[in-house]
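Read through the structure below, which is laid out as structure tokens, and then see the notes.
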There are 2 protein chains.
Amino acid sequence: MSDLRKRQVTLDEVAERASVSRSVASRVLNNAPHVSKAKREAVQRAVTDLGYVPNASARALATQQVGAVVLAISSDNPLVFADPFFAEIVVGISSVLEETELELVLMMATSARGQTRLERLLRTRQTDGLMLMSMHDDDPLAQFAEQSGVPVVFGGRPVAFEPRYYVDADNRGGARLATEHLVATGRTRIATITGRMDESAGLARYKGYQEALAVAGLDTSRVVHADFSEDGGTRAMHELLATYPDLDAVFVASDQMAAGALRVLTDAGKTVPGEVALVGFNDVATARHTNPPLTTVSQPIQSLGREMARMLLALIAGDAPTPLILPTRLVRRAST
Amino acid sequence: MSDLRKRQVTLDEVAERASVSRSVASRVLNNAPHVSKAKREAVQRAVTDLGYVPNASARALATQQVGAVVLAISSDNPLVFADPFFAEIVVGISSVLEETELELVLMMATSARGQTRLERLLRTRQTDGLMLMSMHDDDPLAQFAEQSGVPVVFGGRPVAFEPRYYVDADNRGGARLATEHLVATGRTRIATITGRMDESAGLARYKGYQEALAVAGLDTSRVVHADFSEDGGTRAMHELLATYPDLDAVFVASDQMAAGALRVLTDAGKTVPGEVALVGFNDVATARHTNPPLTTVSQPIQSLGREMARMLLALIAGDAPTPLILPTRLVRRAST
DNA sequence: GGGAGAACTGGAAGCGCTCCCAAACGCGTG
DNA sequence: CACGCGTTTGGGAGCGCTTCCAGTTCTCCC
């Protein structure tokens with residue numbers, strides 16, 4: 001039951017010990033000017049002697065700044081966050097926040113309750129900034145956040161409008177890369193399994209696919225829409241096979257879906273990449289372990305998180321950063 | 001540049017509009033007793049009319065409660081959090097915190113800076129509670145947290161001491177299950193690739209392996225220690241093969257390592273499960289996509305998060321919950 | 001109808017910090 | 001030596017909320 005409870009050390013005690021006024025002590029702590037060298041040192045000594053640490057709530061109350069930013073995932077599916085993608089985003093964000101005094105609070109605005117909470121947070125500016133990853137189209141939160149007056153940077157772009165500040169991966173470019181690769185290896189009847197069409201990533205990847213085929217003068221009609229999930233990929237591949245039995249390649253908008261599709265192909269007796277070539281997207285761990293390993297498009301997820309955090313810091317500091325689109329690149333493996 | 005800035009609505013304004021004193025208004029908000037029905041309703045009306053939301057900092061300052069709990073990952077490796085494992089933990093935690101007014105703040109105590117920060121947080125009790133996942137043996141933070149007087153629940157157990165409150169998966173039981181399964185399928189020269197021996201999970205899984213073989217009267221000497229990573233698994237499997245060429249099964253303490261080991265076996269021309277059977281641990285997505293898919297031990301990761309959060313809430317409420325060990329179970333796939 | 005006790009009310013004192021502002025101080029100059 | 005200017009200093013008023021406490025109003029019963 002040992003317990004370091006002890007009452008908190010306050011600024012007043014520090015001031016007293018250094019025999020200065022509270023104001024002076026405060027100025028030293030925020031290293032503001034107008035303090036003589038002697039007193040500055042006296043205060044610093046008192047601080048270390050007493051082990052003083054400022055009380056965040058009090059400071060927040062006085063300055064009207066919270067000392068925390070939030071990362072919010074807005075989605076209708078409570079499980080999206082279980083995607084390793086977010087874990088990496090968080091690592092990126094943390095790595096830059098670590099250099100500051102800001103805390104990272106996590107909100108999953110996945111239920112109505114969560115949405116309300118986030119909304120309230122913005123309305124009452126109980127956060128210094130927001131990083132928002134909005135995972136579906138008609139998300140009212142996205143608009144609301146953009147206009148709340150709180151610094152907001154988007155991770156990925158909502159489809160409904162173009163936010164002022166965002167960082168996104170070059171989904172369209174990546175998809176084009178992948179599809180061009182398929183074309184370059186001699187495929188001509190190239191299908192696609194898309195992600196959700198109410199997410200900008202899904203849309204952009206679909207566009208990239210279309211562009212690449214248009215340039216090559218190939219048919220873009222072999223399309224089935226799915227939802228990024230493995231099961232979705234499975235279903236879509238069945239449908240594709242039934243509708244376009246002649247296809248010789250598939251660009252799949254996520255590795256999870258590709259894993260599902262791959263199983264369907266194998267079960268159907270198609271050889272990969274012999275009869276059908278397959279490209280995924282994201283380059284998650286799974287992509288390396290399928291049989292054959294997946295050729296896929298890799299995006300710099302940690303950088304994405306890092307840049308979001310940097311952009312937010314800039315915003316908070318009063319700058320006006322420009323949106324950022326991070327490059328994606330093709331990772332060749334054995335499925336093509 | 002639209003901006004909902006507006007000054008914040010304060011309790012005083014609510015009180016005035018409801019023509020009561022601030023005290024009464026405050027009592028209504030915290031639904032404390034000693035308020036007449038009429039005034040209670042008047043206040044509530046004023047609150048909704050004005051769209052009042054209490055200021056968290058002010059409340060925190062007055063009550064000495066922060067309204068936030070932190071999840072900290074203490075490790076010497078900044079990348080551990082990229083493990084999907086944590087993403088799921090977070091989902092579990094969020095799902096129960098969502099029912100409360102508490103926020104979840106995330107800290108990666110991975111650098112010295114992060115450690116200090118966490119320490120300071122505890123020392124000055126700027127959090128209402130802590131969930132700590134300590135990922136290595138000699139972590140001074142674990143001890144410090146345990147004695148800080150702040151409610152702390154551990155996720156997994158440190159090896160150095162038994163904390164008062166923790167929730168852990170039954171690693172030993174799971175390992176025993178896995179090994180017994182190998183025995184039951186007729187294997188007799190069963191090796192193991194362990195995790196880190198300075199993590200309790202690694203240790204417990206090793207113990208489970210030993211127990212099962214001891215009961216079966218089999219040899220427990222075919223052991224190589226590794227570090228949970230895929231590369232580690234690769235190296236370990238090479239060593240195992242060189243040292244004990246006669247082995248007919250391997251219990252591998254993580255799926256990542258198992259994936260690495262599997263590749264080595266296949267490359268060495270060993271058939272799986274024909275010549276060598278393989279069992280992993282964790283049941284991550286990868287396990288389903290290897291070739292053959294991995295038999296593995298599944299732990300209820302989201303529940304783990306959920307129970308950690310529940311336990312912490314109980315602790316904060318002043319209860320004394322009992323530690324929890326969650327069951328693990330064997331998932332049979334084609335690698336055995 | 002009077003009185004005791006319970007229920008309600010609002011004033012005021014904080015919680016620990018920031019920051020404005022008036023007062024005090026030091027110093028160079030005429 | 002007095003004066004003026006630029007620095008440094010500390011008093012004090014908040015930031016918005018909770019909570020103690022003393023005073024007031026209601027109830028209910030004899």
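Letters A, B, ... mirror the listed sequences (proteins, then strands); counts begin at 1.
- With 3.5 Å as the limit, one finds a donor-acceptor pair spanning the side chains of B:Ser111 and A:Glu98.
- Although no hydrogens or angles enter the test, the distance criterion places no donor-acceptor pair under 3.5 Å between the side chain of A:Thr124 and the main chain of B:Pro54.
- With distances taken from any side-chain atom of B:Ser23 to the nucleotides C:dT18, C:dG10, C:dG16, the minimum falls on C:dG10.
- The stretch residues 45-58 of chain A touches DNA chain C through A:Tyr52, A:Pro54, A:Asn55, A:Ala58, each having a heavy atom under 4.0 angstrom from the strand.
- For B:Gln44, the CD atom counts as densely surrounded, since its 6.0 Å shell holds more than 12 non-hydrogen atoms of other residues, nucleotides or ligands.
- With hydrogens and angles ignored, the 3.5 Å screen pairs no side-chain donor or acceptor of B:Asp168 with any backbone N or O of B:Ile325.
- Heavy atoms of other residues, nucleotides or ligands lying less than 6.0 angstrom from CD of B:Gln302 number more than 12.
- The shortest distance between the side-chain N/O atoms of A:Arg59 and the OP1/OP2 oxygens of C:dG16 is not below 4.0 Å.
- Looking at residues two or more places apart in sequence or on another chain, you find a salt bridge (Lys or Arg N to Asp or Glu O under 4.0 Å) between A:Arg120 and B:Glu101.
- The stretch residues 35-43 of chain B does not touch DNA chain D, since none of its heavy atoms comes less than 4.0 Å from the strand.
- Listed for the B:Glu13 side chain is a donor-acceptor partner under 3.5 Å among the backbone atoms of B:Thr10.
- Comparing D:dT8, D:dT18, C:dG16 by their nearest atom to the side chain of A:His34 picks out D:dT8.
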**Message:** Applying side chain to side chain contact (heavy atoms under 4.5 Å, CB included) to A:Val9 and B:Arg123, what does each step give before you reach the verdict?
**Reply:** CA-CA 11 Å; A:Val9 180; B:Arg123 201 149 47 76; over 6 Å; no
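- Residue B:Ser26 places at least one side-chain N or O under 4.0 Å from the OP1 or OP2 atom of D:dT18.
- A salt bridge links B:Arg164 with B:Glu146: at least one charged nitrogen is closer than 4.0 Å to a carboxylate oxygen.
- At least one donor-acceptor pair under 3.5 Å links the side chain of B:Asp128 to the backbone N or O of B:Val66.
- Two residues, B:Arg22 and A:Ala62, neighbour DNA chain C, and the one matched to the more 5' nucleotide by heavy-atom proximity is B:Arg22.
- Closest to the A:Gln64 side chain, of the nucleotides C:dC17, D:dG16, D:dG10, is D:dG16.
- Note on the helix from C:dG1-D:dC30 to C:dG30-D:dC1: terminal axis deviation equals 50°, with five pairs used at each end and the result rounded to 10°.
- Regarding contacts with the backbone of C:dG10, a side-chain N or O of B:Ser21 is found under 4.0 angstrom from either OP1 or OP2.
- Between D:dG12, C:dT9, D:dT18, one nucleotide has an atom nearer to the side chain of B:Val24 than all others, and that is C:dT9.
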**Request:** Can you check each nucleotide of nucleotides 21-28 of chain C against protein heavy atoms at under 4.0 Å and return B for base, S for sugar-phosphate only, - for none, in 5' to 3' order?
**Result:** --------
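- With sequence neighbours left out, B:Ser74 forms a side-chain hydrogen bond (donor to acceptor under 3.5 Å, both in side chains) with B:Asp139.
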